[in-house]
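Small disclaimer: the values here were computed from a predicted structure and weren't measured. Proteins get letters first, then strands, A, B, ... in listed order; numbering begins at 1 in each.
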2 protein chains.
Amino acid sequence: MSGKREQNKRKNRQAILAAAQQLFIQRGFEKTRIDDLARSAGIGKGTVYSYFASKEEILLELIANMRIKIHQQFSDNNDANAPVTAQLMTLFMCQFDFVENNPELARIMLRESMFPDKNTVEQRNQVDIKYLNTVSAILYQGQQRGELRGELDLLTCTLQMYSNYLTIISGWFIGYTRDHADVRDCLQRTILLSLSGCASEPFAEQYKTNTPHQNFYLNLRCKD
Amino acid sequence: MSGKREQNKRKNRQAILAAAQQLFIQRGFEKTRIDDLARSAGIGKGTVYSYFASKEEILLELIANMRIKIHQQFSDNNDANAPVTAQLMTLFMCQFDFVENNPELARIMLRESMFPDKNTVEQRNQVDIKYLNTVSAILYQGQQRGELRGELDLLTCTLQMYSNYLTIISGWFIGYTRDHADVRDCLQRTILLSLSGCASEPFAEQYKTNTPHQNFYLNLRCKD
DNA sequence: CTAAAAAGTTGACTGCGGTCATTTTTTCCG
DNA sequence: CGGAAAAAATGACCGCAGTCAACTTTTTAG
């Protein structure tokens, strides 16, 4: 019976995540004590720390799992032939729904995701990249259909669209937007602006560049 | 001598900030204990908390003060007639210099600034708005000079430019950009993209909107 | 099967941010 | 002045995240 150990480890890890899901959502992240969480998972406090490096790590893995599910839902329902704006709106609003329903948890995730400290787990990062890849794919299709300029640098463009989303979310946290409809409107606005550009005619042309990105060390996949 | 109390309060507050500046920068935020900070300021630990609500509040006020100085430096040196791109680059790179030199402190500030929790001090927010106003002013001048489209919604445009900056900074924290030159390049790129737009000719026109923003409850001042 | 080694579990303990009852200083006013 | 009231300072204390030496379970190998 050499699988006993592995089996137990999987069970414990799941138990911790399940307890965390229950407690973090029900009672809140700050108000949940690790001791309670451990008790609820049927293990000792110290054991928790042989599975996760910190309380926050538990939350981040939990959220990463949720975000993968959300992404799956998007993929299942998205119409890849819809206009770029529509697809981006759908993708971003799916994410915002989660943020709106779990502001405390999402806030911690967003903080860590945008401004991580050194000891970040690579894997969690992958969920963000999954979303960036999706944006990238949407834009690439837009290029193929002629909606977007063909010589665009996709990476810059992807970053900008995602950054539009993050800033609107940030505005929501700060209190500049009140409800779902506000967020939707603002998001639509910035996306449209990104598409149409700020410059006036004579200038716009000269601002167009097509040299590829070389200083942002991230490779996105725009094709499945 | 009825001013004794007021005078002392001002002195203590300054002493705390001075000690914080020294210790947070020298030894780091995490590694500085409140007890040490209090000792260094010549007061008791409890007293610190009658001036600041938390360790983080001290840091945030400290940084807010630094950012005001940085902004002053920018104002003093900025050429208001330079092209929009140049002015924005100068403004953002001034800020990045601070971030680069104090990553730990800046990280905490950026996290709190973008995704604050409920009990945020209004005053600190004002520094961010100061910067947004500056961006707004730069863009407004650009409009006046004909560089930017006159019917642009300044708020949306301002948010987008600032969000370009924040995302590049975020990329730097994550490790997607390595050095000062990378950041500069990427920033330039996204700004140019914001100016020229992503859409191809026939589409670009129809994405242009000129209805003013109504769902983002922030009023910027684009004129001094 | 047994015993030693390896892997995993545990809760008492540590360190630090933040609190609060007590003490000290300052102000007010007769 | 003096002494009462108000304001401020203080450090012992608390709660909780995270550690670690002791202990238990599982695996390995002879």
Side-chain angles (χ1 to χ4, degrees), chain A residues 1-20 23-24 26-62 104-105 107-108 111-112 117-121, chain B residues 1-20 23-24 26-62 104-105 107-108 111-112 117-121:
Chain A
M1 58 175 93
S2 95
K4 184 78 176 286
R5 192 157 267 169
E6 280 307 309
Q7 180 189 333
N8 222 275
K9 270 168 69 175
R10 229 174 303 124
K11 202 191 66 191
N12 278 346
R13 179 166 254 274
Q14 281 316 112
I16 292 171
L17 287 170
L23 291 172
F24 287 171
Q26 204 166 74
R27 202 184 304 176
F29 179 74
E30 296 286 356
K31 288 195 178 165
T32 300
R33 269 151 290 159
I34 289 288
D35 214 341
D36 293 348
L37 194 154
R39 206 71 55 87
S40 169
I43 57 179
K45 177 177 174 177
T47 310
V48 172
Y49 287 94
S50 66
Y51 288 89
F52 295 91
S54 68
K55 188 182 179 187
E56 195 174 293
E57 282 293 325
I58 304 173
L59 175 62
L60 293 172
E61 173 147 344
L62 190 67
E104 191 201 4
L105 309 189
R107 180 164 48 78
I108 296 168
R111 284 179 173 204
E112 187 61 30
D117 44 22
K118 38 241 150 240
N119 39 355
T120 297
V121 178
Chain B
M1 58 175 94
S2 96
K4 183 78 174 287
R5 191 157 268 170
E6 280 306 310
Q7 179 189 335
N8 222 274
K9 272 168 68 173
R10 229 174 303 125
K11 200 190 68 191
N12 279 346
R13 180 166 251 275
Q14 281 317 111
I16 292 170
L17 287 170
L23 292 172
F24 287 170
Q26 203 165 75
R27 202 184 304 177
F29 179 74
E30 296 286 355
K31 289 194 176 165
T32 300
R33 270 151 289 162
I34 289 288
D35 213 343
D36 293 348
L37 194 155
R39 207 71 56 84
S40 169
I43 57 179
K45 176 178 174 178
T47 310
V48 173
Y49 286 93
S50 65
Y51 289 89
F52 295 91
S54 68
K55 189 182 177 186
E56 194 173 293
E57 282 293 325
I58 303 173
L59 176 63
L60 292 171
E61 172 147 345
L62 190 67
E104 191 199 5
L105 308 189
R107 181 164 48 77
I108 296 168
R111 285 179 173 205
E112 188 60 30
D117 44 21
K118 40 245 148 234
N119 38 355
T120 296
V121 177

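In this structure, the NZ atom of A:K11 is 10 Å from the P atom of D:dT26, given to the nearest Å. Remark: C1' of C:dC16 and CD1 of B:I58 are 14 Å apart, rounded to the nearest angstrom. Atom CG of A:L23 is separated from atom P of D:dC16 by 14 Å (rounded to the nearest Å). Remark: P of D:dC16 and CD of A:E30 are 11 Å apart, rounded to the nearest angstrom. The nearest whole Å value for the distance from the CZ atom in B:R39 to the P atom in D:dA9 is 17 Å. If you take CG of B:D35 and P of D:dA12, they are 10 Å apart, rounded to a whole angstrom. One can place CG of B:D36 at 16 Å from C1' of C:dG18, the figure rounded to the nearest angstrom. Between the CZ atom of A:R33 and the C1' atom of D:dG15 there is a distance of 9 Å, given to the nearest Å.
B:Y51 comes within 4.0 angstrom of sugar-phosphate atoms only, judged by non-hydrogen atoms across all strands, and of no base. B:K55 comes within 4.0 angstrom of the backbone, heavy atoms only, and of no base.
A salt bridge does not link A:E104 with A:K31: every distance from a Lys NZ or Arg NE/NH1/NH2 to an Asp or Glu carboxylate oxygen is 4.0 Å or more.
Mapping A:I34 and B:G42 onto DNA chain D by nearest heavy atom places B:G42 closer to the 5' end of the strand.
In this model, the phosphate group of D:dA17 is not approached by any side-chain N or O of A:K45 to a distance below 4.0 Å at OP1 or OP2. OP1 or OP2 of D:dA9 sits under 4.0 Å from a side-chain N or O of B:N12. A:S50 has no side-chain polar atom (N or O) that falls below the 4.0 Å cut-off from OP1 or OP2 of C:dG8. Contact check, A:T47 against C:dT10: a side-chain N or O comes under 4.0 Å of OP1 or OP2.
With distances taken from any side-chain atom of B:R5 to the nucleotides D:dA7, D:dT26, C:dG18, the minimum falls on D:dA7. Of the candidates D:dT10, C:dG8, D:dA17, C:dG8 carries the atom nearest the A:K9 side chain, counting heavy atoms from C-beta on. Distance from the side chain of B:N8 is smallest to D:dA9 among D:dA9, D:dA17, C:dG18.
Between the CD1 atom in B:I108 and the CZ atom in B:F29 there is a gap of 4.5 Å [rounded to 0.5 Å]. Rounded to the nearest 0.5 Å, atoms CD1 (B:I58) and CZ (B:R13) are 9.5 Å apart. Of the inter-residue distances, the one linking B:L37 atom CG with B:I43 atom CD1 reads 8.0 Å to the nearest 0.5 angstrom.
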Quiz prompt | Test log, rule salt bridge (Lys or Arg N to Asp or Glu O under 4.0 Å), inputs B:E56 and B:R111 | solution = CA-CA 11 Å; B:E56 194 173 293; B:R111 285 179 173 205; over 6 Å; no
